Amino acid sequence: MKNSARALSQRFSTAWQRLSLRWKFTLALALVALFPAVIITEALIQVSNHNFDRQLEQQLRSSLQDLQWEIDNLAYESRIQALLIANGMYVQHVGQPLTRMMNPSTIRDLLEEVDPTERPMNLMLVSDASGQVLAQQTMVLAKTGEALLDLTPETHSYYRLSSHQASSIAHLPMFQVARDRQQMISGLVLLSREQLQELGLAQQAKITLRPQPIATLPAKQQPAPVGTYPIADGNIGLLAFAAKPLYENNQFQGLILTGILLNNMPDLVDATTEWSTVDTVATIFAQDLRIATNVPYTDGQTRALGTRVAREVATQVLNQGKTFFGTTDILGSPYVTIYSPLQDFRQQLDLPHPPPIGIAFVGKSQAWIHTMTTQKRLVAFAITLGALLLASVWAYLTANAIVKPIQSLATSTRRVQAGDLTTLVQVHSLDEVGELANAFNAMMRQLRISFEELAQKNHSLEQIRDELLEANEQFEAVLNAVPGTISWINAEGIYKGVNRKLAETLNLPPEAFIGRPLGFLREDRELAAFMQEFVDSPDQFASRVISVKRNGQTAFYLVALQKYMQGTHTVAVGIDISDRIRAEEALRIAEENYRSIFENALEGIFQASTENRFIRVNAAMARIFGFDSPEEMVQSVTSIRDQIYVAPSTRDEILNHFATGGTTGHFEFKAYRRDRQIIWVELDMRAVWDAEGKILYYEGLVQDITERKQREQAMQQQIEELRVEIDHEKRRQQVAEITETEYFQQLRREANYLRQRRQR
């Protein structure tokens with residue numbers, strides 16, 4: 001054994017020695033990179049899994065909030081239907097006492113006329129003060145039979161009318177609480193078998209209990225023993241309802257009851273999971289019984305309706321009223337879950353109430369979570385493998401960078417040995433190898449230095465001459481390429497030279513200026529005077545705008561003067577700024593015109609910042625709001641929302657209109673003047689945006705429309721009074737027509753006859 005190990009060691013040592021220096025460095029660097037990469041990858045995977053668990057919990061809590069919102073929305077829809085029924089009673093029977101409307105035929109007609117565009121209700125009924133049902137409309141809002149178990153997502157609920165009518169609802173807690181509290185109530189209530197049958201909801205509420213695979217599960221993950229929770233073999237129901245009491249002269253006259261049954265309503269849970277991420281399931285429980293769910297049953301084809309929740313969940317949620325979050329078994333499959341209690345409506349009213357009556361649930365399959373975790377691990381190690389490959393390439397390149405200079409130094413040494421004194425080692429490293437190469441190159445340069453010095457001096461003289469010629473040509477080309485005018489003068493005011501631009505401007509060749517005094521042309525007299533004044537002064541720099549007549553037109557130049565050669569010469573540079581001068585003049589005229597329009601306009605004009613302050617207002621704007629001057633209004637109004645708007649929410653709606661993409665808007669609202677007098681104003685406003693899509697400020701026009709609004713209100717009142725007068729006249733005519741009929745006259749004669757017989 002020892003001999004085998006020794007032989008293996010010798011074989012490895014021999015193979016290592018035969019490796020080139022390049023491959024030894026490569027293997028060493030690759031092995032150094034391998035172990036940290038694997039450790040860091042595993043650490044990143046653990047951090048990623050932790051973050052994934054946190055995100056998963058946040059997603060489940062968000063989905064649970066969506067499901068609870070869907071359930072709360074059913075109660076809200078019920079409130080709307082109850083209000084529509086109440087509104088229909090009052091609108092159709094204006095001026096009549098409520099007691100005359102409380103008859104079955106009238107109520108039945110009213111229920112049939114409720115807006116069909118609203119969400120259908122399972123239950124709509126009206127009772128009298130004793131709880132006796134006057135009229136009822138019942139719908140079945142679910143499929144029946146095996147179709148209930150179909151896993152296909154529901155986009156709407158099926159419904160059909162039922163002829164059932166309850167006799168009395170006086171025993172229902174909704175009736176009693178709404179009557180005693182004298183207010184509209186809504187929420188969830190758990191209905192028993194008898195109550196469901198009485199209301200005609202037993203058919204939709206019926207949930208058939210289904211077997212569950214619990215033999216291999218621990219006790220805490222099995223359903224609670226039969227009878228622990230009152231599920232009545234599936235004959236219970238959760239009703240989202242609204243109950244509105246009817247009062248007249250402070251006397252309770254009856255009740256409107258509307259509601260939607262949660263049993264067998266798959267669209268509630270399907271809508272929640274559509275908003276969530278992949279593989280999310282949801283359930284609504286009545287007590288611990290699934291009454292609406294998209295959790296697959298053990299067959300994988302149907303919904304798990306009629307199954308029950310684990311005992312540990314029911315204990316924490318239904319008994320303790322707490323939210324449960326964790327992993328639990330659902331029909332033989334592990335899920336990461338969150339359960340929240342559904343409370344009886346009496347809890348919101350601070351009344352004695354039962355413990356939680358149901359559960360809302362969302363969860364994700366542990367199999368999906370495991371798949372996602374495995375995929376992340378595979379991706380992470382794939383990235384690590386790629387990084388190791390890159391590290392190996394980098395190690396090879398690094399080893400090559402170390403070995404190559406040594407090879408180059410050996411090659412150069414052999415050339416020197418052969419008599420080539422011009423060779424140099426091309427090594428750019430700064431390590432010991434680089435120092436050795438630099439010493440070698442220094443030695444070779446010292447051998448050639450005497451021969452190169454003379455040749456270098458001759459070459460330098462020729463190079464300087466060429467550079468001077470080239471610099472002169474470049475300087476002349478630059479001066480001629482400059483778009484402005486350039487000239488040189490000496491201390492006596494004599495031109496030493498000009499560039500091509502100045503010569504072309506004055507229609508002369510450049511040679512015509514040399515040796516001529518300043519002012520020899522009439523066109524440049526103002527320029528000549530300025531330059532002569534500068535030459536005679538001790539200043540080293542000066543600039544001025546000069547006007548020049550050129551081709552019969554006046555041009556403007558910005559002329560800058562600078563002395564050089566110890567003040568004995570001056571260079572003048574001119575830039576044509578005629579277009580800028582004209583543009584500034586046009587801008588000045590436009591600003592004066594705008595200022596005149598702004599200040600003299602009859603309409604209020606303003607600019608307002610995004611910080612709720614006025615930037616600028618005109619005189620008309622100040623007059624509309626009762627201020628003596630625009631300046632006083634800008635300084636006094638520190639909050640447009642609170643000092644101008646009678647309803648500050650109107651300001652919020654206007655700003656929201658622009659924040660959501662609107663560019664302009666027309667609005668009418670009530671506003672305060674300075675003395676807090678309320679006026680009506682008409683506002684046309686737009687938002688001014690910057691290049692990045694951010695609102696810079698707002699501007700608009702304001703008109704006082706108070707008189708117009710007052711005229712409209714007066715006209716509306718006159719129309720209403722005229723309508724009332726016309727209605728009274730119609731009733732009088734109808735009475736007159738009835739009394740003139742032959743049938744009415746016959747009744748009158750018979751009454752007189754009977755009256756005369758009684759007197760006898």
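Quantities reported herein were computed from a predicted structural model and do not represent experimental measurements.
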Measure the shortest side-chain to side-chain distance between Val681 and Phe669 over non-hydrogen atoms and say whether it is less than 4.5 angstrom.
yes
Taking only residues two or more places apart in sequence, or in another chain, which ones meet Tyr76 in a side-chain contact (heavy atoms from CB on, under 4.5 Å)?
Asn73, Ile80
Is there a side-chain contact between Met265 and Ile260 (heavy atoms, below 4.5 Å)?
yes
What closest approach, in Å, do Leu561 and Ala572 show between heavy atoms, and which atom pair accounts for it?
CD2-CB, 3.3 Å
A side-chain contact here means heavy atoms from C-beta on lying under 4.5 Å apart; do Gln183 and Leu349 qualify?
yes
Is it true that a side-chain atom of Asn263 and a backbone atom of Leu238 form a donor plus acceptor pair closer than 3.5 Å?
yes
Could you give the distance from CZ (Phe667) to CD1 (Ile654), rounded to the nearest 0.5 Å?
5.0 Å
Show the nearest heavy-atom pair for residues Gly604 and Ala620, with the distance to one decimal.
N-CB, 4.0 Å
State whether the side chain of Thr258 and the backbone N or O of Met124 hold a donor-acceptor pair below 3.5 Å, judged by distance alone.
no
Ring pair (Phe, Tyr, Trp, His ring centres under 6.0 Å) filter on Phe324, not counting sequence neighbours, yields Tyr339
Testing the basics here: between Val646 and Pro648, what is the closest heavy-atom pair and its distance to 0.1 Å?
O-CD, 3.4 Å
Taking Arg623's backbone N and O only, do any of them form a donor-acceptor pair with Asp628's side chain (distance below 3.5 Å, no angle check)?
no
Cationic N near anionic O, under 4.0 Å, Arg708 to Glu668
yes
Over all heavy atoms of both residues, which pair between Thr664 and His657 is shortest? Give the atoms and the distance, please.
O-NE2, 2.9 Å
Ile705 side, atom CD1; Ile679 side, atom CD1 - distance, nearest 0.5 Å
9.5 Å
Check whether any side-chain N or O of Ser62 sits under 3.5 Å from a backbone N or O of Gln58 as a donor-acceptor pair, and report yes or no.
no
Could you tell me whether the side chain of Thr283 and the main chain of Arg290 form a donor-acceptor pair under 3.5 Å?
no
Using side-chain contact (heavy atoms from CB on, under 4.5 Å) as the criterion, point out the one residue from Asn618, Val617, Ile640 that pairs with Phe606.
Val617
Under a 4.5 Å cut-off applied to non-hydrogen side-chain atoms, are Thr638 and Gln643 in contact?
yes
Please assess Thr293 against Val281 for the test side chain to side chain contact (heavy atoms under 4.5 Å, CB included), listing each intermediate value before the final yes or no.
CA-CA 8 Å; Thr293 184; Val281 292; over 6 Å; no
Tell me the ring pair (Phe, Tyr, Trp, His ring centres under 6.0 Å) pairs involving residues 692-718, sequence neighbours left out?
Phe658-Tyr698
Between the side chain of Asn122 and the main-chain N/O of Met139, is any donor-acceptor distance below 3.5 Å?
yes
Is there a side-chain contact between Val336 and Leu60 (heavy atoms, below 4.5 Å)?
yes
Across all chains, not counting sequence neighbours, the ring pair (Phe, Tyr, Trp, His ring centres under 6.0 Å) partners of Tyr672 are none
Would you say that Ile256 contacts Gln81 through its side chain, given a criterion of any heavy-atom pair below 4.5 Å between the two side chains?
no
Value for CD (Glu631) from CZ (Arg616), rounded to nearest 0.5 Å, stands at 10.0 Å
Stepwise, does the side chain to side chain contact (heavy atoms under 4.5 Å, CB included) test hold for Val317 with Lys322?
CA-CA 5 Å; Val317 179; Lys322 298 179 181 179; over 6 Å; no
Taking Asn294 for the side chain and Ala282 for the main chain, is one N or O donor matched with an acceptor at less than 3.5 Å?
yes
Find the distance between CG (Asp684) and CD (Glu603) and round it off to the nearest 0.5 Å.
8.0 Å
Carefully, step by step, assess Leu342 and Ile71 under the rule side chain to side chain contact (heavy atoms under 4.5 Å, CB included).
CA-CA 9 Å; Leu342 297 177; Ile71 297 172; 4.1 Å; yes
Which atoms form the tightest heavy-atom contact between Pro341 and Gly321, and what is the distance?
CG-O, 3.7 Å
Could you tell me whether a side-chain N or O of Ser636 sits under 3.5 Å from a main-chain N or O of Met633, the two making a donor and an acceptor?
no
Side-chain donor/acceptor of Gln316 to backbone N/O of Thr323, under 3.5 Å
yes
As an exercise, state the distance from CG of Asn612 to CG of Leu655, rounded to the nearest 0.5 Å.
7.5 Å
Kindly give the heavy-atom pair with the smallest separation between Ser639 and Asp642, and that separation in Å.
OG-OD2, 3.1 Å
Contacts of Phe625 meeting ring pair (Phe, Tyr, Trp, His ring centres under 6.0 Å) (sequence neighbours excluded), chain-then-number -> none
Under 3.5 Å, is there a donor-acceptor pair between the side chain of Ser609 and the main chain of Arg613?
yes
Leu188 vs Asp344 side-chain heavy atoms within contact, under 4.5 Å:
no
According to side-chain contact (heavy atoms from CB on, under 4.5 Å), who are the partners of Gln713, at least two apart in sequence or on a separate chain?
Trp680
Please test Asp652 against Arg641 for side chain to side chain contact (heavy atoms under 4.5 Å, CB included), starting from the C-alpha separation and ending with a verdict.
CA-CA 8 Å; Asp652 299 335; Arg641 181 180 184 274; 2.9 Å; yes
Answer yes or no: is there an ion pair linking Glu632 with Arg674, defined by an N-O contact shorter than 4.0 Å?
yes
Ring of Phe325, cation from Arg61 - is the NZ or CZ under 6.0 Å from the centre and inside 45° of the axis?
yes
Arg79 side, atom CZ; Phe241 side, atom CZ - distance, nearest 0.5 Å
10.0 Å
Taking side chain as C-beta onward, heavy atoms only, is Ser78 less than 4.5 Å from Met121?
yes
Would you call Lys709-Asp704 a salt bridge at under 4.0 Å N-O?
no
